[in-house]
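Heads up, the thing below is written out as structure tokens.
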Amino acid sequence: MKDIIKLAFRNLREHKSKTIILCMFLTFGIAIVIAGNSFLESINRGLEKDFRANYTADIVIAPENPKNAVIDLFGVNSMDISGEVPLLPSLPDTEKALEVIKNHEGIKSTTRLISAQVIVGEYNENNEFDLSALTEKDDLSLDDIPISLLFAGDYDTYWDTLSEVNFIEGTYPAPGTTEIIIDTRVADAYERLFGKKLHVGDKVFIATMQMTLRDATVSGIFKPSNEHSAMFQIIYCNPDLARTFAKLTYASNIENELPDSVDLGLSAKVSSEDFSDDDLFSGDDIFFEDTGSTDILSSSKIDFDNILGDTSLRDQLNQTDNGAWNFIIARAENPLAANKLILELMKEYKEAGIKVQVMGWKQAAYSYTGSVAGIGLVFNILIIILAVVVFIIIMNTMVVSVFERTREIGTMRAIGASQKFVKRLFFSEAMIITISSSVFGIIISFIAMGIFNSFHIEIENSIAKMILGGGLLSFTPTVTIVVTTVLIALAGSYLSALYPVKSALKITPAKALASGE
């Protein structure tokens, strides 16, 4: 084997131009693969560290996914293109679900959470949510609008399960109040939009897309635990206030079980059975009689008291459910055992007949990890295309080399070289090129990544942070990435050499002489 390797090196030196071309292609490809995967590794590590510490912990218990939608900690990711923003459903059998996970071995702590999407507005005595500033300013970006994720955790356990916030001023909301704490990004966006700086003690309006409006008092302003976090800007408040925004009412828990004749909304419903065909198509206005008044209340056709009936049930159902929550969050005693615990809990909930889903941190943060996974998929597709192109070039170059070396191969066969010897020779040349290119590719990629990391490049845009998994761009190479890349390169080179080697084995002394070489 030693002689074969020496001969392979000699042959590669004699064909320097082809050897250099092949090495350049492989070096370039290997460097890109290592750098790209190191970038994705950096994103995933940053997301995992940030979200497990501050938002998702290790395990999340959530309602089952609705049809054509995916639930995560930040809302419902729906395929519905109607434009409506779906609300998170409440967690069924919350107390039973909490008891199951609290009593499960390997769980360190648990808490409950309510989540909603809100926007902060300027407070006024008229109870009017004025966002005219949105139309008055033409250069607004998403970062200039105080849209926020609103979280409310179980007051006694939330901050024991997740990391506490870094206050700049103020304190946590007092129990039973409408106080809120906001992160600095919300405060900055509020100031850019309304031209006023927020301070502790200031009153603001909070509203949802469903036009639920409440006033609240700022009790604290905090800085995100991770200044480069991909997490969108946040507001924390007490559960009672959050339930009004999340629409966690008694009706939301039993709505699907009520008969069709019960209306849970705030407006009356009039059935088509209330009117005859003559009433509908007679041409007379069934809502307005010609009495000289255009007031709808003057109509003698409709008895609104009878239509609405007794609204006490509706009023009760529209009250917030003090026991309703969206999620249960748990921290494992051993974070590395989280996946095992998830499988065990899924089985236990199924046996108990509790219809929930058990998620790890990545699934619970789908709004963020999904975009990173998409980037990874696109990158891997591009890498596959690059690899195919590179290895086709390698194969074609080696095939040309075989034809150019027909006389050499024929001579070796004439003096007693077996097909096995020729086969080993060509495979050795392919492996030498690949190993050398891998070494150069690793060195080049590490130098490039080191230089890039030294610049500490940061991005501020919230959308870019969400897509890229954070505000600090960096590369985190690992041994696994390097070894896997080299092994794939060796396997690809071996496959690329199969056809050229097969062509070389067909060359006999007689064919070499007949070729005129």
Side-chain angles (χ1 to χ4, degrees), residues 40 43-44 46-48 50-52 54-94 97 101 112-118 142 147-153 162 208-210 229-234 242 245-248 252-253 255-256 324-330 338-339 341-343 345-347 349-350 354-381 462-470:
L40 293 175
I43 291 175
N44 285 313
L47 279 175
E48 181 174 5
D50 184 21
F51 280 70
R52 290 182 88 155
N54 303 304
Y55 310 111
T56 65
D58 303 314
I59 300 170
V60 174
I61 311 301
E64 292 183 327
N65 289 327
K67 186 178 180 181
N68 299 324
V70 176
I71 288 176
D72 68 6
L73 211 62
F74 316 105
V76 180
N77 298 276
S78 176
M79 300 299 291
D80 184 8
I81 59 174
S82 64
E84 296 183 3
V85 180
L87 288 170
L88 279 167
S90 61
L91 192 69
D93 299 320
T94 305
I101 194 169
R112 292 170 292 185
L113 177 70
I114 298 168
S115 175
Q117 297 178 18
V118 299
L142 184 62
I147 298 174
S148 311
L149 291 167
L150 182 138
F151 285 165
L162 299 165
T208 65
M209 294 294 290
Q210 290 76 26
S229 176
M231 182 68 178
F232 199 62
Q233 48 206 35
I234 308 171
F245 297 114
K247 296 289 185 182
L248 293 179
S252 67
N253 285 330
E255 188 173 16
N256 294 330
W325 299 85
N326 294 127
F327 304 98
I328 295 172
I329 299 174
N339 290 336
L341 290 172
I342 288 171
L343 294 175
L345 285 166
M346 287 172 62
K347 182 179 179 181
Y349 281 123
K350 186 175 182 180
I354 303 174
K355 296 182 179 181
V356 295
Q357 58 175 319
V358 187
M359 305 185 291
W361 79 271
K362 188 172 287 189
Q363 187 180 353
Y366 174 79
S367 297
Y368 296 84
T369 59
S371 63
V372 176
I375 293 174
L377 177 62
V378 172
F379 174 75
N380 287 325
I381 291 173
S462 297
I463 300 299
K465 281 185 177 181
M466 182 181 294
I467 294 173
L468 297 174

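Heads up: numbering here begins at 1 and tracks the sequence.
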Can you tell me how far apart CG (Leu345) and CE (Met359) are? Round to the nearest 0.5 Å. 12.5 Å
Kindly write out the residues that satisfy side-chain hydrogen bond (donor to acceptor under 3.5 Å, both in side chains) with Ser462, not counting sequence neighbours, or none if the list is empty. Asp143
Fit a plane to each ring of Phe74 and Tyr368, take the angle between them on a 0 to 90° scale, and name the class: parallel (under 30°), tilted (30 to 60°) or perpendicular (over 60°). perpendicular
Minimum heavy-atom separation for Ser115 and Phe151, please, with both atom names. OG-CE2, 3.4 Å
If you count heavy atoms of other groups shown closer than 6.0 angstrom to CZ of Phe379, is the number above 12? yes
Is the shortest side-chain heavy-atom distance between Ile329 and Arg112 below 4.5 Å? no
Considering all heavy atoms of both residues, which atom of Ala97 and which atom of Tyr349 are nearest to each other, and what is their separation? O-OH, 2.6 Å
side-chain contact (heavy atoms from CB on, under 4.5 Å) against Ile381, all qualifying residues, sequence neighbours excluded: Leu377, Ile385
For Ala242, check side-chain contact (heavy atoms from CB on, under 4.5 Å) against everything at least two apart and list the hits. Ile114, Leu150, Ala152, Cys237
May I have the list of side-chain donor-acceptor pairs in residues 60-67 shorter than 3.5 Å, sequence neighbours left out?
from  : atom 1 : to     : atom 2 : distance (Å)
Asn65 : OD1    : Ile71  : N      : 2.8
Asn65 : OD1    : Gln357 : NE2    : 2.8

Is there side-chain contact between Leu248 and Asn326, with at least one heavy-atom pair below 4.5 Å? yes
Atom pair CD1 (Ile59) and CD1 (Ile328), whose distance is rounded to the nearest 0.5 Å: 11.5 Å
Minimum-distance pair of heavy atoms, taken over all atoms of Met466 and Ser371: O-OG, 3.0 Å
May I have the step-by-step check of side chain to side chain contact (heavy atoms under 4.5 Å, CB included) for Arg52 and Asp58, ending in yes or no? CA-CA 6 Å; Arg52 290 182 88 155; Asp58 303 314; 3.0 Å; yes
Applying side-chain hydrogen bond (donor to acceptor under 3.5 Å, both in side chains), name anything that partners Asp50, two or more places apart in sequence or on another chain. Asn54, Ser229
Could you give the distance from CG (Leu88) to CG (Leu113), rounded to the nearest 0.5 Å? 9.0 Å
Scanning both residues in full, the closest heavy-atom pair of Thr369 with Lys362 reads OG1-O, 2.8 Å
Listed by chain and number, what are the side-chain hydrogen bond (donor to acceptor under 3.5 Å, both in side chains) partners of Thr56, not counting sequence neighbours? none
4.5 Å side-chain heavy-atom contact, Ile234 and Tyr55: yes
Residues which pass ring pair (Phe, Tyr, Trp, His ring centres under 6.0 Å) with Phe327, listed by chain and number, not counting sequence neighbours: none
For the residue pair Ala69 and Val76, what are the closest heavy atoms and their distance? CB-CG1, 3.6 Å
Exercise: identify the closest heavy-atom pair between Leu47 and Ala230: CD2-CB, 4.0 Å
Partner residues of Ile147 under the side-chain contact (heavy atoms from CB on, under 4.5 Å) criterion, sequence neighbours left out: Ile119, Leu142, Ile145, Phe232
With sequence neighbours excluded, what pairs up with Thr208 under the side-chain contact (heavy atoms from CB on, under 4.5 Å) test? Val118, Gln210, Thr212, Phe245
